[in-house]
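In what follows, a single structure is set out as structure tokens and then discussed.
Protein chains get the first letters and strands the later ones, always in sequence-line order, with residue 1 at the start of each. Worth knowing before you read on, the calculation uses all heavy atoms, side chains too, and leaves out hydrogens, waters and symmetry mates.
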Amino acid sequence: EDKVVQSPLSLVVHEGDTVTLNCSYEVTNFRSLLWYKQEKKAPTFLFMLTSSGIEKKSGRLSSILDKKELFSILNITATQTGDSAVYLCAVFIYVKTSYDKVIFGPGTSLSVIP
Amino acid sequence: EAQVTQNPRYLITVTGKKLTVTCSQNMNHEYMSWYRQDPGLGLRQIYYSMNVEVTDKGDVPEGYKVSRKEKRNFPLILESPSPNQTSLYFCASSRASDRGGHGYTFGSGTRLTVV
């Protein structure tokens, strides 16, 4: 069965800390891995990763994929209270002709306290 | 403004009373999908549609129906809601070429409680 696992499930840090969120997956027919941020409403897209070892970066957020070990990490440096959210990892897989789907992990709930 | 509009945002209903959650997008997207989100389980796909009159089951379709008579609308129907359908529901749309998640536009969500 295809699955996406995230750790930790929740995390509390102080402003200025650096955090690393983990995502591992076991799927057939992998196509890409995605990270989203969800703040009490709809998820918003952060990154899509398709190749191993190539870091994607956006401001204080960065992510990298290891397709051999089947995991990805999302780093957030110099955290701010506005980073408080649930971070979702998802994997896009091919299932059959005319059907491919996105499988989401349970999410990591990050709380940044002043 | 490009958006996916879901209604209602909040709904409390009783077991067995049929309800419809509407989803409408104004981006001419071919692909639309419904998800439910439950604590510890992430988002799980209920149904999806590749285009008008083309719909198929996702991972958790039991107890739900959908239709796609027009490109912009993709309503989710609960014919006889039960308490285990209490959840947060999201509609998403994308161009067919972007259905890998990076091009998703999500609605604001519908929080459904069935008592």
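- Interface check for chain A: of the options B/A96, B/G42, B/S33, the most heavy-atom pairs under 4.5 Å are formed by B/G42.
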Quiz item: What's the verdict on salt bridge (charged side-chain N to carboxylate O under 4.0 Å, His left out) for A/D2 and A/K101, showing C-alpha distance, side-chain angles and the deciding distance?
Solution: CA-CA 11 Å; A/D2 299 312; A/K101 68 178 181 180; 5.2 Å; no

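- Interface remark: A/Y36 contributes side-chain atoms only to the contact with chain B (heavy atom separation under 4.5 Å).
- Judged purely by atom type and a 3.5 angstrom limit, A/Q6 uses its side chain to pair as donor or acceptor with the backbone of A/Y87.
- Between the side chain of A/S63 and the backbone N or O of A/I73 there is at least one donor-acceptor pair closer than 3.5 Å.
- B/N26 places a side-chain N or O within 3.5 Å of a backbone atom of B/E1 that can act as its donor or acceptor partner.
- When heavy atoms are compared at a cutoff of 4.5 Å, B/D38 does not approach chain A at all.
- Most heavy-atom pairs under 4.5 Å with chain B: of the set A/S32, A/S109, A/P43, this distinction falls to A/P43.
- Between chain A and the residues B/L41, B/D59, B/V4, B/D56, the most heavy-atom pairs under 4.5 angstrom are made by B/D59.
- Between chain A and the residues B/R111, B/R44, B/Q45, the most heavy-atom pairs under 4.5 angstrom are made by B/Q45.
- For B/Y47 and B/Y64, the ring centers are positioned 6.0 Å apart or more.
- Few gaps surround CZ on A/R60; more than 12 heavy atoms of other groups in view lie less than 6.0 Å from it.
- A/L34 touches chain B through its side chain: at least one heavy atom from C-beta onward sits under 4.5 Å away, while N, CA, C and O do not.
- When heavy atoms are compared at a cutoff of 4.5 Å, B/L43 approaches chain A by way of both its backbone and its side chain.
- For chain B, the nearby part of A/Q38 is the side chain; its heavy atoms alone come within less than 4.5 Å.
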